[in-house]
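The block underneath contains the structure these notes are about, expressed in structure tokens.
We number each residue from 1, following the sequence as shown. As the structure is a computational prediction, the values presented were derived from the model and not from experiment.
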Amino acid sequence: MAKMKDNFIDLTVTSPPYDNLRTYNGYSFDFESIAKELFRVTKKGGVVVWIVGDKTHKGSETGTSFKQALFFKECGFNLHDTMIWKKDKYVPLTHNRYEQQFEYMFVFSKGKPKTVNHIMVDTINYGKQPKRTFYQTSESNKPTAEHTPKKVAKEKIKGNVWTFNPQSLGNGHPAIFPEQLANDHIISWSNENYLVYDCFLGSGTTAKMAKINNRNYIGSEISEEYCKIANERLR
């Protein structure tokens, strides 16, 4: 990122190696420096999708995800949306708590997002008249014709809890987020020919889905082994 000019990137979709849950060939990173640089290189109206979770240490979750979200806000980002990646299949770890089934997907924006392409889903009660309770708090607050709810539309905006199956390529990379996850964020927060970035490119999922969706891409990856995996997937 030090080679990038200010206000350069339209969208970042990334997942850092959080809380030492995996070794990633022994590499680590300076979170605060990267967060500050992401703010600098992100265009006004641009978005950063930061996918992260917490480990449990000595009986307590670390809260690293929340600490990072708050630091992004200190850098100047808006916390546009706190989303959840729910894992349809998860590995039981026999803890004395409910099994961990999700990760956070923090959506940060540099000001108001300039691009929002909502994914739409079908409604169950399409065409029906919704039943709503009207609470009258005073004599002047009586229901009128304009308060009559409209019939349910055919589609609605998708919720912010997205369900995917964890993905594995069997190629040596320890943590790959699903292609559909990257795909859906890319089409949500960017348009064709926008520049999409991943500062922890890993196996290249963000770059691959950017290319499939006619976006330009840049990836940073410190591990030569993972760069080879990414390049092979892109080929």
Side-chain angles (χ1 to χ4, degrees), residues 1-4 9 11-42 47-58 60-72 74-75 77 79 82-87 90-91 93 95 100-108 162 164-182 185-186 196-210 217-234:
M1 280 187 283
K3 299 177 181 179
M4 297 180 186
I9 300 294
L11 169 65
T12 296
V13 179
T14 194
S15 182
Y18 51 84
D19 272 351
N20 300 317
L21 286 174
R22 297 178 177 89
T23 61
Y24 294 97
N25 286 350
Y27 294 111
S28 60
F29 75 104
D30 179 354
F31 162 70
E32 292 189 358
S33 296
I34 287 179
K36 291 175 183 177
E37 277 292 89
L38 280 171
F39 184 77
R40 181 184 68 80
V41 303
T42 299
V47 165
V48 172
V49 180
W50 188 261
I51 303 164
V52 69
D54 299 299
K55 75 174 181 179
T56 299
H57 180 65
K58 294 183 178 180
S60 174
E61 292 186 353
T62 61
T64 298
S65 56
F66 299 112
K67 295 173 186 175
Q68 291 183 352
L70 292 172
F71 188 80
F72 271 109
E74 289 181 21
C75 292
F77 280 107
L79 180 50
T82 300
M83 301 182 65
I84 295 290
W85 164 28
K86 178 185 174 185
K87 300 176 183 179
Y90 57 94
V91 179
L93 298 175
H95 288 149
Q100 183 59 259
Q101 195 180 356
F102 74 91
E103 293 182 17
Y104 293 104
M105 301 187 293
F106 292 113
V107 180
F108 302 104
W162 293 358
F164 304 102
N165 282 325
Q167 192 165 345
S168 174
L169 295 177
N171 58 13
H173 193 279
I176 300 168
F177 52 60
E179 290 184 353
Q180 193 64 43
L181 182 156
H185 277 300
I186 287 168
V196 178
Y197 179 52
D198 188 344
C199 47
F200 301 100
L201 185 63
S203 64
T205 301
T206 297
K208 176 181 176 180
M209 303 318 293
Y217 65 86
I218 296 177
S220 301
E221 176 51 56
I222 197 170
S223 167
E224 183 177 1
E225 178 185 345
Y226 299 160
C227 284
K228 291 177 180 177
I229 294 171
N231 283 323
E232 182 59 34
R233 290 181 75 193
L234 288 164

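- Side chain of Asp54 to main chain of Thr64: a donor-acceptor pair is present (N/O by atom type, distance under 3.5 Å, no hydrogens or angles).
- A heavy-atom distance below 4.5 Å is not found between the side chains of Ile84 and Met105.
- Between the CG atom in Leu38 and the CZ atom in Phe31 there is a gap of 9.0 Å [rounded to 0.5 Å].
- Scanning for ring-ring contact (aromatic ring centres under 6.0 Å, His included) contacts around Tyr104 gives Phe66, Phe102, Phe106, with sequence neighbours left out.
- For residues 198-210, the pairs satisfying salt bridge (Lys or Arg N to Asp or Glu O under 4.0 Å) are Glu179-Lys208, with sequence neighbours left out.
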Next on the checklist: Between Gln100 and Val91, does the side chain to side chain contact (heavy atoms under 4.5 Å, CB included) criterion hold? Intermediate values first, please.
Outcome noted: CA-CA 8 Å; Gln100 183 59 259; Val91 179; over 6 Å; no
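- Taking CZ of Phe177 as the reference point, atom OG1 of Thr206 lies at 3.5 Å (rounded to 0.5 Å).
- Atom SG of Cys199 is separated from atom CD1 of Ile222 by 12.0 Å, given to the nearest 0.5 angstrom.
- Neither side chain, Thr42 nor Tyr197, offers a donor N or O lying under 3.5 Å from an acceptor on the other.
- Atom CG of Leu181 is separated from atom CE of Met209 by 10.5 Å, given to the nearest 0.5 angstrom.
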Checklist entry - Passes side chain to side chain contact (heavy atoms under 4.5 Å, CB included), Ile9 versus Met1? Steps please. => result CA-CA 10 Å; Ile9 300 294; Met1 280 187 283; over 6 Å; no
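- The NZ atom of Lys55 sits 7.5 Å away from atom OG1 of Thr62, with the distance rounded to the nearest 0.5 Å.
- The aromatic rings of Phe108 and Phe77 sit tilted relative to each other, their planes meeting at an angle between 30° and 60°.
- A pairwise comparison of heavy atoms in Ile51 and Ser15 identifies O-OG, 2.8 Å as the closest pair.
- Salt bridge annotation for Lys87-Glu103: present, with a cationic side-chain nitrogen under 4.0 angstrom from a carboxylate oxygen.
- Between Val13 and Trp50, every side-chain heavy-atom pair lies at or beyond the 4.5 Å cut-off.
- Aromatic pair His185/Trp85: ring centres not closer than 6.0 Å.
- For the residue pair Thr12 and Thr14, no side-chain donor N or O sits within less than 3.5 Å of a side-chain acceptor on the partner.
- In terms of heavy-atom proximity, Thr205 sits nearest to Pro178 at CG2-O, 4.2 Å.
- Considering all non-hydrogen atoms of both residues, Gly202 and Ala230 come closest at O-CB, 3.8 Å.
- Counting all heavy atoms, side chain and backbone alike, Leu201 lies closest to Gly219 at CD2-CA, 3.8 Å.
- Separating the CD atom in Glu221 from the OG atom in Ser203 is a distance of 9.0 Å, to the nearest 0.5 Å.
- Between Glu37 and Arg40 there is a salt bridge, since at least one side-chain N of the basic residue sits less than 4.0 Å from a carboxylate O of the acidic one.
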Item to check | Step-by-step side chain to side chain contact (heavy atoms under 4.5 Å, CB included) determination, Lys36 to Phe39 | outcome: CA-CA 5 Å; Lys36 291 175 183 177; Phe39 184 77; 5.9 Å; no
Checklist entry - Does the pair Gln180 and Asn165 meet the rule for a side chain to side chain contact (heavy atoms under 4.5 Å, CB included), with working shown? => result CA-CA 10 Å; Gln180 193 64 43; Asn165 282 325; over 6 Å; no
